[in-house]
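A quick write-up on the structure given underneath.
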Amino acid sequence: MRLPEARGGLSAAVIERLRSGKAIKDARLPNRVDVDPLADEDVQLALAVCYELHYTGFDDVDDRWEWDPGLLALRADIERLFERELREQVGPQPATSAAEIPAALTALTAEREGPSLARYIQSHATIEQFREFVVHRSLYQLKEADPHTFAIPRLTGRAKAALIEIQIDEYGSGRLARMHAELFRNTMGCLGLDTDYGAYLDRLPAVTLAVTNMLSMFALHRRLRAALTGQLAAFEMSSSLPNSRYGNGLRRLGGDSKATLFYDEHVEADAVHEQIAAYDMCGSLVAEHPELAADVLFGAAGSEVLGGRVSAHLLDSWAAGRSSLRAGTAARELLPETDVLAGAAA
């Protein structure tokens, strides 16, 4: 992955720092009265670039920049803005006992009334819309499970064991071909998409970057470890049915078993993971640390809020007859529809 195009002064300052090594100057955070930090292109890209240094990094950036004090200081300022706005959107969480945590998580992740992205994709999406959907998911799915792995050394006891149990499945029990990230890469290939990690970074809008940024913020701060477990639980508890619909939608569009394997795998795996995540991981964590209950629910609620924004963006864009992805001179283009599912056909 290479550094993306800047989307404003803040992301320009981060990218210039990484490209030239010059000190960061005049990198002003926007006023919350003027912008929504959760949907601002400049804010979210700047944060995404900072976070990617902790994963695979950028081909055109020296790995030593990961711990640059100037970047870390600016990242901390952006994180405060991001977290404050996310907490305001989520609202305060009720006092909850360990025994009540699974039910509270279930209530937060109950399927909402109104337009459903999964239902639309199952029954109505065109092949081009399905490909856009996959591109939106690619920045996380191609590193699926990696953010949550940061929590392993920060947990103890039963909660730690539960997280490891989930992660073993996510990483295919050590078999490359079964790793969930690799299954997603296969799906992208069958759809004629570029399978390189970060290939579509320039095309991802802020609402999509905000989801992965939330994960990284939770993952890289020990004080937010409970929020990361709550987010994972929410993801696992609301995953099986949507993935069944995504797989059926892709089959409707001509995808074969190789193309749909990623979704079919998650229907079964996440049905098991949701119980482990809710009871053994989150319930056990709160039993050991009752003061973390609100953070568990914050992470789950934050996942629902930001995930809902992405779904609304896709559905609104498609209803208006436009692409849900960003355009740009450096943005990676999708292949023509005639090349789609060539991999599956082969």
Side-chain angles (χ1 to χ4, degrees), residues 1-7 11 15 18 41 44-45 48-49 51-61 117 121 125-147 172 176-213 215-216 243 246-247 249-250 253-263 265-266 310 313-314 317-318 322-346:
M1 182 166 60
R2 302 187 71 81
L3 286 168
E5 283 191 332
R7 302 182 191 176
S11 55
I15 293 169
L18 293 173
E41 299 291 342
Q44 291 301 325
L45 182 64
V49 171
Y51 284 147
E52 285 303 325
L53 297 172
H54 298 286
Y55 295 104
T56 61
F58 297 93
D59 292 345
D60 46 348
V61 175
L117 178 63
I121 286 177
T126 65
I127 189 64
E128 193 60 29
Q129 289 170 344
F130 197 98
R131 295 169 81 214
E132 286 190 13
F133 162 70
V134 169
V135 168
H136 280 280
R137 294 292 180 93
S138 62
L139 194 63
Y140 169 67
Q141 301 293 176
L142 288 176
K143 64 170 181 284
E144 184 173 352
D146 290 350
L176 176 63
R178 300 301 302 179
M179 287 176 61
H180 289 183
E182 194 66 18
L183 297 180
F184 190 82
R185 179 172 282 105
N186 290 337
T187 295
M188 292 186 74
C190 290
L191 289 166
L193 296 170
D194 191 324
T195 61
D196 287 343
Y197 177 71
Y200 296 103
L201 179 57
D202 277 307
R203 301 212 63 180
L204 299 179
V207 290
T208 300
L209 295 179
V211 174
T212 57
N213 284 340
L215 280 174
S216 295
N243 275 296
Y246 299 146
L250 186 51
L253 294 167
D256 68 0
S257 58
K258 177 182 177 182
T260 64
L261 181 57
F262 172 82
Y263 302 108
E265 171 73 14
H266 280 73
V310 174
H313 170 73
L314 267 66
S317 297
W318 295 340
R322 63 176 183 268
S323 173
S324 62
L325 299 172
R326 296 181 71 252
T329 57
R332 190 73 61 96
E333 295 299 324
L334 277 65
L335 295 175
E337 288 189 23
T338 53
D339 295 323
V340 172
L341 295 176

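Just so you know, these numbers use all the heavy atoms, side chains as well, and skip hydrogens, waters and symmetry mates. By convention here, the first residue in the shown sequence is residue 1.
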**Message:** Can you tell me how far apart CG (L204) and OG1 (T212) are? Round to the nearest 0.5 Å.
**Reply:** 8.0 Å
**Message:** Under a 3.5 Å distance rule, please check whether D256 uses its side chain to pair with a backbone N or O of A259 as donor and acceptor.
**Reply:** yes
**Request:** Under the side-chain contact (heavy atoms from CB on, under 4.5 Å) rule, what do L3 and L18 come out as? Steps first, then yes or no, please.
**Result:** CA-CA 9 Å; L3 286 168; L18 293 173; 3.8 Å; yes
**Prompt:** Under 4.5 Å between any side-chain heavy atoms of Y55 and S216, yes or no?
**Reply:** yes
**Asked** Do H266 and F262 have ring centroids that are under 6.0 Å from one another?
**Response** yes
**Prompt:** Which pair of non-hydrogen atoms, one from P205 and one from H313, has the smallest distance, and what is that distance?
**Reply:** CG-NE2, 3.8 Å
**Message:** Is any side-chain heavy atom of Y51 closer than 4.5 Å to one of N213?
**Reply:** yes
**Prompt:** What heavy-atom pair brings M188 and T195 nearest, and what distance separates the two atoms?
**Reply:** CB-CG2, 4.0 Å
**Message:** Check whether R326 reaches the backbone of D202 with its side chain - one donor and one acceptor, N or O, closer than 3.5 Å.
**Reply:** yes
**Item:** Rounded distance (nearest 0.5 Å) linking atom CG of L250 with atom CG of L261
**Value:** 11.5 Å
**Fill in**
CG of L191 to CZ of R131, rounded to nearest 0.5 Å, is 7.0 Å
**Request:** Can you sort out the partners of S11 under side-chain contact (heavy atoms from CB on, under 4.5 Å), two or more places apart, ordered by chain and number?
**Result:** A6, R7, D42, L45, A46
**Complete:** Closest heavy-atom pair, F58 versus P4, reported as atoms and distance to 0.1 Å, is CE2-CD, 4.1 Å
**Prompt:** Can you name the salt bridge (Lys or Arg N to Asp or Glu O under 4.0 Å) partners of R185, sequence neighbours left out?
**Reply:** E182
**Request:** Please test F130 against V135 for side-chain contact (heavy atoms from CB on, under 4.5 Å), starting from the C-alpha separation and ending with a verdict.
**Result:** CA-CA 9 Å; F130 197 98; V135 168; over 6 Å; no
**Asked** Can you find a side-chain donor-acceptor pair between E132 and Q129 that sits under 3.5 Å?
**Response** no
**Prompt:** Is a side-chain donor-acceptor pair under 3.5 Å present for S324 with H136?
**Reply:** yes
**Approximate separation, where rounding is to 0.5 Å, of R203 CZ and S138 OG** = 11.0 Å
**Asked** Of all residues at least two apart in sequence or in a different chain, which pass the ring pair (Phe, Tyr, Trp, His ring centres under 6.0 Å) check with Y246?
**Response** F133, Y263
**Asked** Any donor and acceptor pair, going by atom type alone, linking the side chain of T56 with main-chain N or O of E52 inside 3.5 Å?
**Response** no
**Item:** Nearest non-hydrogen partners of L201 and M1, listed with the distance
**Value:** CD2-SD, 4.0 Å
**Sole residue of I127, I121, T126 in side chain to side chain contact (heavy atoms under 4.5 Å, CB included) with L253** = I127
**Request:** Determine whether L176 and M179 make a side-chain contact, defined as any pair of heavy atoms from C-beta on separated by less than 4.5 Å.
**Result:** yes
**Request:** Indicate whether the side chain of T208 and that of Y140 have a donor and an acceptor atom separated by less than 3.5 Å.
**Result:** no
**Request:** Would you indicate whether the side-chain heavy atoms of F184 and E144 approach each other to under 4.5 Å?
**Result:** no
**Request:** Compare all side-chain heavy atoms of Q141 with those of L183 and state whether any distance is below 4.5 angstrom.
**Result:** no
